[in-house]
Undergrad: 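Quick one: the structure is below, questions incoming.
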Amino acid sequence: MNPELLVLAIRTALIDAVAAGELAVDVPDEVRIERTRSRDHGDWSTNIAMQIAKGAGMPPRQVAATLAARLGAVSGVKAVDIAGPGFLNITLDAAAAGELARAIVEAGPAYGRGDAEAGHRINVEFVSANPTGPIHLGGTRWAAVGDALARIFEFSGAEVTREYYFNDHGAQIDRFATSLLAAAKGDPAPEDGYAGAYISDIAVAVMERESGILDLPDPEALERFSTLGVDLMFTEIKASLHDFGVKFDVYFHENDLHESGAVDRAIARLTELGAMYQKSGATWLRTTDYGDDKDRVVIKSNGEPAYISSDLAYYLNKRERGFDRAFILLGADHHGYVGRMMAMCAAFGDTPHENLEILIGQMVNLIKDGEPVRMSKRAGTVVVLEDLVEAVGVDAARYALTRSSTDSMIDIDLDLLTKHTNENPVFYVQYAHARTCNVTRLAGEDGVHLADGFDPSLLTHDSEAALLAALGDFPRTVAQAGKLREPHRVARYLEDLAGHFHKWYDECRVRPREANEEITDLHRTRLWLNEATRVVLANGLGLLGVSSPERL
RNA sequence: GCCCUCGUAGCUCAGGGGAUAGAGCGACCGCCUCCUAAGCGGUAGGUCGCAGGUUCAAAUCCUGCCGGGGGCACCA
């Protein structure tokens with residue numbers, strides 16, 4: 001009996017009660033159950049009686065009693081209690097609940113997969129840092145969150161492309177080149193240019209590649225510094241992401257949109273659709289028709305394309321490549337773009353928040369001596385992806401960045417992380433996984449094997465019922481994380497699951513205590529539960545891009 | 001001024017209408033002759049920012065206010 005079947009049973013009880021004339025009410029489409037906080041409340045609980053009481057014109061507890069009578073007769077249900085204002089607390093038969101362990105082990109890596117996003121072609125664009133410097137902490141957060149989200153979508157049946165948008169067009173590249181040239185000559189960094197050790201490193205690397213570069217006239221030298229510098233920076237960014245375990249399918253260059261004429265085509269299309277107009281020498285997109293607070297300039301009065309022009313072309317390009325859902329992950333400092341981007345989406349005739357979804361996440365703060373530090377390249381207080389990984393490792397870094405809601409700011413204190421790495425809850429989860437592996441290994445040496453027996457009716461301990469309920473909740477957790485675009489729910493779930501496992505491990509021994517103890521079905525069945533836990537922990541950690549070590 | 005977001009235990013944060021508001025870390029007290037003590041059990045610690053409203057039921061939804069962060073370009 002898994003949660004899905006239980007929901008079905010409750011709904012059937014409801015429909016039957018209505019058919020029998022015991023209840024006069026419209027049957028709701030969705031019946032929700034939840035795991036109970038306390039064992040006193042059974043395995044699963046539902047508030048359905050309270051929800052429909054009003055429509056049925058009966059007191060909630062009376063509705064509950066009607067349902068309880070029918071539910072209690074369902075095979076696999078051991079007890080149904082009515083509690084408080086009208087909760088139905090359901091306790092499953094140990095054998096029925098325990099069957100889940102076998103189902104999970106047999107499903108293996110597929111356990112938890114769903115079809116909520118089946119049929120969708122999803123493009124997830126994230127990080128997208130400019131090629132003018134390494135990936136800072138904010139970008140690192142999106143690398144972890146974006147990749148986790150992509151994995152969750154894939155697990156939910158979608159075809160997913162991870163995409164990195166490379167802003168290699170415009171003034172910032174010029175500033176980057178100017179900064180490189182200055183560094184190469186030993187001059188101070190230009191006003192509003194880039195500074196920092198990485199600039200001189202890149203400048204040196206460029207000169208190594210092209211020894212005579214400083215002999216060129218400045219305009220030509222700048223050109224070379226731009227091309228080679230961007231290339232080197234790009235290579236470095238790709239390597240960082242690769243080391244971080246994030247594999248992008250597409251690195252998209254903004255410059256291509258301009259050179260291929262895609263920008264012109266997008267503008268032509270919008271003109272056709274009547275969304276563009278001319279005013280004071282500039283070309284505008286009428287975004288206010290679709291909820292934006294002001295119209296936006298697409299072609300400036302000097303004839304140059306404004307930044308948004310690339311966005312128009314890029315969005316159109318994604319749609320033309322067949323993606324029905326384009327996701328963009330941005331930091332809170334970009335939230336002002338959402339309105340115009342959605343308006344642009346609507347101007348193309350698409351549905352905002354459906355064909356285009358922009359996820360805004362809060363910033364990452366750097367903490368030093370308990371105080372937030374404003375990251376400044378000039379002050380040398382920039383912390384980048386490599387710094388974080390070097391301090392705590394990929395697993396701890398990814399986990400720490402993913403376990404919080406993107407709505408909340410994250411504080412990163414490198415000193416703290418370096419000193420107390422075991423404060424990171426990732427170890428709590430990984431330790432649970434390693435423990436399951438250890439049990440399996442030793443049980444195998446003892447001669448306890450899964451294939452020799454499975455009797456779920458033996459899983460009668462409270463901690464076993466709780467662990468099974470937690471395991472049964474995994475598919476719904478993943479579905480919810482996908483639906484709400486909140487990967488952190490998977491991390492929180494894993495911490496909860498690990499807790500139930502550790503408690504069970506403490507209270508229920510899997511292996512025989514002594515070599516001469518007879519091996520029984522209880523040992524074997526608990527080994528199934530142990531293995532089922534391992535499967536779920538591994539699947540969950542996999543969704544977060546965190547490894548599942550066999551030893552810690 | 002307008003927009004987004006946050007405000008929950010000493011700290012960092014979960015909790016998308018339900019029962020006695022949770023976890024990790026920190027503090028204190030216990031538990032390894034027994035599968036990994038990176039674990040388990042227990043104690044202490046809360047006006048869920050404030051005030052209204054909706055509801056049988058609000059930390060959760062709505063409105064206003066206070067406080068933190070971020071944003072409001074013919075910059076990218």
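Proteins come first, then strands; the chains are lettered A, B, ... in the order of their sequence lines, and each starts at number 1. These numbers were taken from a predicted model, which means no experiment stands behind them.
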Undergrad: Is it the case that atom CZ in A:Arg551 sees more than 12 heavy atoms from other parts of the structure closer than 6.0 Å?
TA: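 Not buried by this count: 12 neighbours or fewer within 6.0 Å.
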Undergrad: Identify the residue among A:Ile135, A:Leu329, A:Ile237 that makes a side chain to side chain contact (heavy atoms under 4.5 Å, CB included) with A:Val127.
TA: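 Output: one option passes, namely A:Ile135.
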Undergrad: Could you tell me the Watson-Crick or G-U partner of B:rC65, where both distances fall under 3.5 Å? Say none if there is no partner.
TA: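 Base partner found: B:rG49.
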Undergrad: Let's test this: given Watson-Crick or G-U wobble pairing with both distances under 3.5 Å, identify the partner of B:rA14.
TA: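 Partner of B:rA14: none found under 3.5 Å.
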Undergrad: Within the structure shown, what part of the strands sits under 4.0 Å from A:Leu484 by heavy-atom distance: base, sugar-phosphate, or nothing?
TA: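 Base, at least one base heavy atom under 4.0 Å.
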Undergrad: So, is A:Arg37 near the phosphate of B:rA19, with a side-chain N or O under 4.0 Å from OP1 or OP2?
TA: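 For B:rA19, OP1/OP2 do have a side-chain N/O of A:Arg37 under 4.0 Å.
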Undergrad: In whole angstrom, give me the gap between the P atoms of B:rG26 and B:rG39.
TA: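 Roughly 10 Å separates the two P atoms.
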Undergrad: Could you tell me how far B:rA14 sits from B:rG52 if I compare only their P atoms? Round to whole Å.
TA: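 That atom pair is separated by 28 Å.
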Undergrad: Are A:Tyr251 and A:Phe166 close enough that their ring centres sit under 6.0 Å apart?
TA: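 No, the ring of A:Tyr251 stays outside the 6.0 Å limit from the ring of A:Phe166, centre to centre.
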Undergrad: Suppose the criterion is salt bridge (charged side-chain N to carboxylate O under 4.0 Å, His left out): which pairs have a residue in residues 41-58 of chain A, not counting sequence neighbours?
TA: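 Non-adjacent pairs meeting salt bridge (charged side-chain N to carboxylate O under 4.0 Å, His left out): A:Arg39-A:Asp43.
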Undergrad: Would you say B:rA73 has OP1 or OP2 under 4.0 Å from some side-chain N or O of A:Arg296?
TA: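 No, outside the criterion.
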Undergrad: Write down the distance separating the P atoms in B:rA59 and B:rG71, rounded off to the nearest Å.
TA: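 Between the two P atoms, the distance is 33 Å.
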Undergrad: Does the aromatic ring of A:His41 sit over the six-membered base ring of B:rA19, closer than 5.5 Å centre to centre and tilted less than 30°?
TA: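 The base of B:rA19 is stacked with A:His41 (centres under 5.5 Å, planes under 30°).
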Undergrad: From the list B:rC13, B:rC34, B:rC56, which nucleotide is the closest neighbour of the side chain of A:Arg492?
TA: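 For A:Arg492, the side-chain atoms sit closest to B:rC13.
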Undergrad: Starting the side chain at C-beta, find the nucleotide from B:rC56, B:rG39, B:rG69 nearest to A:Arg435.
TA: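 Ranking B:rC56, B:rG39, B:rG69 by closest atom to the A:Arg435 side chain puts B:rG39 first.
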Undergrad: Counting side-chain heavy atoms from C-beta on, which of B:rG15, B:rG71, B:rG16 comes nearest to A:His488?
TA: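 Among B:rG15, B:rG71, B:rG16, the one nearest the side chain of A:His488 is B:rG15.
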Undergrad: Look through every strand shown and name the nucleotide pairing with B:rG1 as Watson-Crick or G-U wobble, where both distances are under 3.5 Å.
TA: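 B:rC72 - that is the nucleotide pairing with B:rG1, both distances being under 3.5 Å.
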Undergrad: Under 4.0 Å between any heavy atoms, over every strand shown, what does A:Arg551 touch: base, sugar-phosphate, or nothing? Just pick one.
TA: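 The residue A:Arg551 makes base contact.
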Undergrad: Students often get this wrong, so: under 4.0 angstrom with heavy atoms, is A:Glu550 touching a base, only sugar-phosphate, or nothing?
TA: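 If one applies the 4.0 Å heavy-atom cut-off, A:Glu550 turns out to touch a base.
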Undergrad: Give the nucleotide from the list B:rC40, B:rC35, B:rC74 with an atom nearest to the side chain of A:Ala282.
TA: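 The nucleotide sitting nearest to the side chain is B:rC74.
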Undergrad: On a whole-Å scale, what distance lies between the P atoms belonging to B:rC3 and B:rG42?
TA: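 Looking at atom P only, B:rC3 and B:rG42 are 48 Å apart.
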Undergrad: With sugar-phosphate meaning primed atoms plus P, OP1 and OP2, does A:Ile360 contact a base, only sugar-phosphate, or nothing at under 4.0 Å between heavy atoms?
TA: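 Here A:Ile360 touches no strand at all.
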Undergrad: What's A:Asn47 touching, base or sugar-phosphate or nothing? Going by heavy atoms closer than 4.0 Å.
TA: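 Result for A:Asn47 = base.
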Undergrad: Could you note down all residue pairs passing salt bridge (charged side-chain N to carboxylate O under 4.0 Å, His left out) where residues 296-311 of chain A supplies at least one of them, sequence neighbours left out?
TA: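 For residues 296-311 of chain A, and leaving out neighbouring residues, the salt bridge (charged side-chain N to carboxylate O under 4.0 Å, His left out) pairs sorted by first residue read A:Asp292-A:Arg296, A:Asp293-A:Arg296.
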Undergrad: Tell me whether the centres of the aromatic rings in A:Tyr314 and A:Tyr165 are closer together than 6.0 Å.
TA: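 When the ring centroids of A:Tyr314 and A:Tyr165 are compared, they turn out to be within the sub-6.0 Å range.
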Undergrad: Applying a 3.5 Å limit to both distances, which nucleotide forms a Watson-Crick or G-U wobble pair with B:rC35?
TA: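 B:rC35 is unpaired by these criteria.
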Undergrad: Side chains of A:His502 and A:Arg435: do they bring a donor and an acceptor to under 3.5 Å?
TA: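 Their side chains do contain a donor-acceptor pair, which is all the 3.5 Å distance test asks for.
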Undergrad: So which nucleotide from B:rC74, B:rU5, B:rG16 ends up closest to the side chain of A:Arg489?
TA: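 The listed nucleotide nearest to A:Arg489's side chain is B:rG16.
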Undergrad: Strictly under 3.5 Å: I want the nitrogen or oxygen pairs between protein and nucleotides 24-26 of chain B, one per line.
TA:
| unit_1 | atom_1 | unit_2 | atom_2 | d |
| --- | --- | --- | --- | --- |
| B:rC25 | O2' | A:Glu423 | OE2 | 3.3 |

Undergrad: Could you measure between the two C1' atoms, the one in B:rC11 and the one in B:rG45, and give it in whole Å?
TA: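 About 13 Å, rounded to a whole number of Å.
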Undergrad: Look at all strands and tell whether A:Ser408 reaches a base, only sugar-phosphate, or nothing, counting heavy atoms closer than 4.0 Å.
TA: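 Touches sugar-phosphate only.
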Undergrad: How would you label the contact of A:Arg32 with the nucleic acid (heavy atoms, under 4.0 Å): base, sugar-phosphate, or nothing?
TA: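 Sugar-phosphate only.
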Undergrad: Determine the contact category for A:Ala434: base if any of its heavy atoms lies under 4.0 Å from a base atom, sugar-phosphate if only primed atoms, P, OP1 or OP2 are that close, otherwise nothing.
TA: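 Contact class for A:Ala434: base.
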Undergrad: So, A:His169 and A:Asn255: side-chain donor and acceptor under 3.5 Å apart, yes or no?
TA: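 Side chains of A:His169 and A:Asn255: pair found under 3.5 Å.
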Undergrad: Please determine, by modelled atom types, if A:Glu464 and A:Trp504 share a side-chain donor-acceptor pair under 3.5 angstrom.
TA: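 Result is yes, a qualifying pair exists.
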Undergrad: Rounding to an integer number of angstrom, what distance separates B:rA19 and B:rC13 when you compare their P atoms?
TA: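 Roughly 25 Å separates the two P atoms.
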Undergrad: Using a 4.0 Å heavy-atom cut-off across all strands, classify A:Glu486 as base, sugar-phosphate, or nothing.
TA: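 The residue A:Glu486 makes base contact.
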Undergrad: Measure from the side chain of A:Asn89, starting at C-beta and using heavy atoms only, and say which of B:rA19, B:rC35, B:rG39 lies closest.
TA: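 Looking only at heavy atoms from C-beta outward on A:Asn89, the closest nucleotide is B:rA19.
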Undergrad: Would you say B:rC40 has OP1 or OP2 under 4.0 Å from some side-chain N or O of A:Ser463?
TA: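 No, A:Ser463 has no side-chain N/O under 4.0 Å of OP1/OP2 on B:rC40.
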Undergrad: Quantified in whole Å, what is the P atom distance between nucleotide B:rA23 and nucleotide B:rA44?
TA: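 Going atom to atom, P in each nucleotide, I get 13 Å.
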Undergrad: Could you check A:Met363 against A:Lys279 and say which one's nearest nucleotide on RNA chain B is further toward the 5' end?
TA: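 Mapping each residue to its closest nucleotide by heavy atoms, the 5'-most match is A:Met363.
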Undergrad: In terms of side-chain heavy atoms of A:Gln362, which of B:rU5, B:rC35, B:rC74 is nearest?
TA: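 Of B:rU5, B:rC35, B:rC74, B:rU5 is nearest to the side chain of A:Gln362.
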Undergrad: Any side-chain N or O of A:Lys300 under 4.0 Å from OP1/OP2 of B:rC75?
TA: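 Yes, because at least one side-chain N or O of A:Lys300 sits under 4.0 Å from OP1 or OP2 of B:rC75.
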Undergrad: Please confirm whether any donor atom in the side chain of A:Ser405 sits under 3.5 Å from an acceptor in the base of B:rC6, or the reverse.
TA: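 Answer is no: no donor-acceptor pair is held.
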Undergrad: For A:Gly84, answer base if it contacts any base atom (sugar-phosphate contacts may also be present), sugar-phosphate if it contacts only those atoms, and nothing otherwise; contact means non-hydrogen atoms under 4.0 Å.
TA: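 A:Gly84: no heavy atom of the nucleic acid under 4.0 Å.
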Undergrad: Measuring to OP1 and OP2 of B:rG39, would you say a side-chain N or O of A:Lys503 lies under 4.0 angstrom away?
TA: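 So the side chain of A:Lys503 is outside the cut-off, no N or O lying under 4.0 Å from OP1 or OP2 of B:rG39.
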Undergrad: If stacking means aromatic ring centre less than 5.5 angstrom from the base's six-membered ring centre, planes under 30°, is A:Tyr307 stacked on B:rC75?
TA: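 Here A:Tyr307 fails the 5.5 Å or the 30° condition.
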Undergrad: Map A:Thr406 and A:Arg511 onto RNA chain B by nearest heavy atom, then report which one ends up closer to the 5' terminus.
TA: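 By nearest-heavy-atom nucleotide position, the 5'-most residue is A:Thr406.
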Undergrad: Between A:His502 and B:rA37, is there a side-chain N or O to OP1/OP2 distance below 4.0 Å?
TA: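 Answer is no, no contact under 4.0 Å.
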Undergrad: B:rC3 base to A:His335 side chain: any donor-acceptor pair below 3.5 Å?
TA: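 When only heavy-atom distances are counted, A:His335 does reach the base of B:rC3 through a donor-acceptor pair under 3.5 Å.
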Undergrad: Under a 3.5 Å limit for both distances, which nucleotide forms a Watson-Crick or G-U wobble pair with B:rC40, could you say?
TA: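 B:rC40 is paired with B:rG30.
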Undergrad: When you measure from the side chain of A:Ser45, which nucleotide among B:rC35, B:rG16, B:rA19 comes out closest?
TA: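 The listed nucleotide nearest to A:Ser45's side chain is B:rA19.
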Undergrad: According to a strict under-4.0 Å criterion, is A:Lys294 in side-chain N/O contact with OP1 or OP2 of B:rA73?
TA: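 Yes, such a contact exists.
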Undergrad: Using only heavy-atom distances, decide whether a donor-acceptor pair under 3.5 angstrom links the side-chain of A:Ser404 to the base of B:rC13.
TA: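 No, the side chain and the base share no sub-3.5 Å donor-acceptor pair.
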Undergrad: Is it true that A:Phe474 and A:Tyr493 have ring centroids separated by less than 6.0 Å?
TA: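 Ring centroids of A:Phe474 and A:Tyr493 are less than 6.0 Å from each other.
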Undergrad: A:Leu552 has a side chain; which of B:rU55, B:rA37, B:rA38 sits nearest to it?
TA: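 It is B:rA38.
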Undergrad: Specify the glycosidic conformation (syn or anti) of B:rC13, with syn defined as within 90° of 0.
TA: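 Judged by the O4'-C1' to base torsion, B:rC13 sits in anti, the angle falling more than 90° away from 0.
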Undergrad: Using a heavy-atom cut-off of 4.0 Å across all strands, would you classify A:Cys508 as base, sugar-phosphate, or nothing?
TA: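 It contacts base atoms.
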Undergrad: Using the C1' atom as the reference point in each nucleotide, state the distance between B:rU8 and B:rU54 in Å, no decimals.
TA: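 Straight-line distance between the two C1' atoms is 23 Å.
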Undergrad: Check this for me: A:Asn516, atom CG, are more than 12 non-hydrogen atoms of other residues, nucleotides or ligands nearer than 6.0 Å?
TA: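 Counting neighbours around CG of A:Asn516, more than 12 heavy atoms of other residues, nucleotides or ligands fall under 6.0 Å, so yes.
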Undergrad: Return the nearest nucleotide to the side chain of A:Met409; candidates are B:rC74, B:rG69, B:rC35.
TA: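 Taking heavy atoms from C-beta onward, the closest nucleotide is B:rG69.
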Undergrad: Can a salt bridge be assigned to the pair A:Asp473 and A:Arg476 using a cut-off of 4.0 Å between side-chain N and carboxylate O?
TA: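 Salt bridge: yes.
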